[in-house]
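One structure is given here, and the rest of the page talks about it.
Throughout, protein chains are lettered first and strands after them, A, B, ... in sequence-line order, and every chain is numbered starting at 1. Just so it is clear, the values below take in all heavy atoms, side chains as well, and ignore hydrogens, waters and symmetry mates.
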Amino acid sequence: MSIYTVLIDANNFFVSCERLFRPELRNKPVIVLSSNDGCVISRSEEAKALGLTMGEPYFKVRERCDQHGVSIFSSNFALYRDMSRRIMSVLRRYADTVEAYSVDEAFVALDGRDGDIAQQAHALHTAVIRETGIPVSVGVAHTKTLAKVATHFAKPKYGGRGVNLLLEPYVRNVALEELPVDEVWGIGFRLGPVLKDLGVTTAGKLIRMDDTWLRKRLSVRGLRTVYELRGTPCFTVGEDTTLRKSLLHSQSFGRPVYDLSGLKQAIAHHARKAAEVLRVEGAAAREVYVTIRTSRHTTHRYSAYDGDTLTHHTNDTITIVQTALSVLERMYRKGFPYAKAGVMVKDIVPEESVMPRTIFGEESGARKPLMHALDALRHRFGDRAVQLGAEELRCTTEKSWHPKSNTLSPRYTSSWADIPTVSPHVA
DNA sequence: TCTGGGGTCCTAGGACCC
DNA sequence: TCTGGGGTCCTAGGACCC
C-alpha cells in the first residue's frame, strides 16, 4: 500500500463559475476580467481559441471581443470563493488530508488500498462535477510536482479525459520529454528562458542535469523541484495550520487620485479590511505597512512602501487605520497621479498569544466589544453596513478611487438578494 | 484614457559583534 | 588608524505560485 498525491484542478475556474448560472454560455467564448476590469484572468476554451491570452489588458482586446461576441464578466470573488468551499467539502468526504492550495486547486493524499487508485481518482472526479457542476481535472502521481504534470495532461486540450495517472516510469518519462521546461511547476518566466538558452528545453532534459549545476543555477527550491520530477517527494501534502506571515489588502483606482484626502479614504478602507481579516482568523499583527504608487505606464512615476511597528500586537480596526494613515502622510508626495494603494500587516501571531489586557492597547481596552459588535453587524448586513468616517466617501456613487466593475454578475450564492429564482441546471 | 490582488520562500549584502 | 577571520541578525529584492 502506498500513498498517492492527487491534484484536483478546476478547468477555467472563474469562467466555469459564471457559466453555472448562465448555462446558455456553454460552448461560447467567455472571459472574466480582473478587478478594475483591468485584464483577462480567466478564459473559456472558445475564448482561448480566439487568441485571447492570460493577463492581457482588456482595453487591447475589447474590439476583438465585440467582434466575436465574447461574453465578459467582472470578477466576482464572493461567488468563486463560495464555489471553492463547496469543491473542498466534497473532497473532504473522500480524503482525510485535503490541502486547499488555491481557490481552484487542491492536493489530496490517498492511500492505495486494494490497488484501486485509478478507481478512487475517477470517483473523486465524478463526485465534484456532479455535486458542484464545476469541471475539474485530476492528476495522480507520487509527488506534488508530478501530480501537476499529470493534471496538465488530463486537460481536454491535451486529449485527456479528466483523470490522468503518472505512475509507471515509462509513462512518466514520456510525459516529461513532452513537457516544455517552462511549464514545470516552479520554473517561471525568469528561469524558463535561461534554461532554454542553455539547451534545457524540456522537463525530461532538466531531470538529467547534474545536481551541483542545478543547485547553483536554480537554488535549493529549484533542486527540490527536480527531485520531485524524478519521483522523490520534497513537498508534503497537508493542511497548513500555521498562521499566514503577512496580509495585504490593496486595489487599483478607477481613475488617478492626486490628493491626500482621496488616498486617505482608500488607505482607511484597506486598513479596516486587513484588521477584519485578522479578527476572522483569530490573529493579531504588530507591523503596519502602506504602499502607494502611480501607474507603471506613466512618465511621472512615484512609488513608496513604508511602515510602522506598533508597541504591541493588535487587530483593532481603529489602531491599524490610524497607524496606516500616519504612515501615509509621511510618504505622500504632492502632484503625482496615484493609481494604486494598499495596506499590509506583518508580524502576525495568534490572538490568544497576546496578553488579553493589551490586545487592543492599554489605552483602549474597551474596544474589543466594539470590534465584536462591528463584526456581527457586518456578518448580518454586509460590508457596506458599517464603515469608518475616514472612508465614508466610499458610500457615495462617485468616489474617485473606487475601482471599476462594469459587468459584475450577481452574487448568486452569497447574497440573499441575488439568489436566482430559477436554476436551470443541466448536468 | 484604460495593464489584478493576493501570497511564499530564498539569497545577498549590510550592520553589528567578538 | 590599520589589519583580519568568523559569526549572527535583519532587510530588500528576486524568484516563484495562483
Side-chain angles (χ1 to χ4, degrees), chain A residues 7-14 31-42 52-63 65 72-78 80-81 84 99-107 144-145 148 151 181-195 215-225 228 234-235 240 242-256 266 269-270 273-274 277 281 287 289 291 293-298 301 303-307 309 337 339-348 400 403-406:
Chain A
L7 175 65
I8 295 87
D9 186 359
N11 303 344
N12 314 329
F13 182 56
F14 300 165
I31 59 173
V32 173
L33 302 177
S34 67
S35 143
N36 220 13
D37 292 345
C39 46
V40 179
I41 54 169
S42 184
L52 297 169
T53 57
M54 191 72 176
E56 209 166 359
Y58 175 53
F59 74 89
K60 283 190 183 170
V61 298
R62 180 180 292 142
E63 213 166 300
C65 289
I72 318 247
F73 292 88
S74 299
S75 44
N76 183 345
F77 283 99
Y80 312 149
R81 268 193 297 270
S84 180
E99 177 186 334
Y101 177 70
S102 74
V103 71
D104 66 341
E105 275 175 273
F107 288 102
K144 280 180 155 182
T145 310
K148 275 276 191 181
T151 307
V181 74
D182 53 1
E183 302 260 350
V184 172
W185 188 48
I187 305 295
F189 76 106
R190 221 87 200 196
L191 289 173
V194 171
L195 286 169
R215 173 66 179 77
K216 208 174 103 193
R217 289 280 177 179
L218 311 179
S219 93
V220 294
R221 171 79 203 202
L223 185 58
R224 285 183 195 138
T225 293
E228 285 240 322
C234 295
F235 310 128
D240 193 358
T242 60
L243 285 176
R244 59 161 97 230
K245 308 244 161 77
S246 67
L247 189 166
L248 172 72
H249 206 277
S250 71
Q251 216 160 25
S252 300
F253 302 136
R255 60 182 80 89
H269 170 72
H270 295 313
K273 298 296 280 189
V277 174
E281 297 186 350
E287 294 175 24
Y289 280 80
T291 165
R293 67 151 206 244
T294 58
S295 165
R296 284 189 299 267
H297 313 280
T298 176
R301 254 173 283 183
S303 75
Y305 172 76
D306 197 5
T309 301
K340 184 174 179 174
V343 171
M344 189 193 278
V345 295
K346 301 202 284 190
D347 189 359
I348 294 174
S400 65
K404 290 179 291 193
S405 199
N406 291 328

Heavy-atom side-chain contact between Met344(A) and Leu247(A) under 4.5 Å: no
Is a donor on one side and an acceptor on the other found under 3.5 Å between the side chain of [X] and the backbone of [Y]?
{"X": "Ser219(A)", "Y": "Arg215(A)", "answer": "no"}
{"X": "Glu56(A)", "Y": "Thr53(A)", "answer": "yes"}
{"X": "Glu228(A)", "Y": "Phe235(A)", "answer": "yes"}
{"X": "Ser84(A)", "Y": "Val103(A)", "answer": "yes"}

Quick one: label [X] by what it contacts on the DNA or RNA (base, sugar-phosphate, nothing), any heavy atom closer than 4.0 Å.
{"X": "Tyr58(A)", "answer": "nothing"}
{"X": "Val184(A)", "answer": "sugar-phosphate"}
{"X": "Ser246(A)", "answer": "sugar-phosphate"}
{"X": "Phe77(A)", "answer": "nothing"}
{"X": "Asp104(A)", "answer": "sugar-phosphate"}
{"X": "Ile187(A)", "answer": "sugar-phosphate"}
{"X": "Lys148(A)", "answer": "sugar-phosphate"}
{"X": "Glu56(A)", "answer": "nothing"}
{"X": "Val220(A)", "answer": "sugar-phosphate"}
{"X": "Arg81(A)", "answer": "nothing"}

Using the P atom on both, measure dT3(B) against dC18(C) and round to a whole Å. 24 Å
Residue whose closest nucleotide on DNA chain B lies nearer the 5' end, Arg224(A) versus Arg296(A): Arg296(A)
Where each residue is assigned the nucleotide of DNA chain B containing its nearest heavy atom, which of Arg293(A) and Ser219(A) is assigned the position nearer the 5′ end? Arg293(A)
Stems field, DNA chain B, Watson-Crick or wobble, 3.5 Å, at least 3 pairs, by first number, holds B:5-18 with C:5-18
Can you say whether the rings of Trp185(A) and Tyr101(A) are parallel (under 30°), tilted (30 to 60°) or perpendicular (over 60°)? perpendicular
Would you call the rings of Tyr305(A) and Tyr289(A) parallel, tilted or perpendicular, taking 30° and 60° as the class edges? parallel
Got a salt bridge between Lys148(A) and Glu105(A), using NZ or NE/NH1/NH2 to carboxylate O under 4.0 Å? yes
Students should find that the nucleotides of DNA chain B closing off the region near chain A, any atom under 4.0 angstrom from a heavy atom, are dC2(B) to dT11(B)
Taking the six-membered ring of Phe107(A) as reference, does the cationic atom of Lys144(A) (NZ for Lys, CZ for Arg) lie under 6.0 Å from its centre and within 45° of its axis? yes
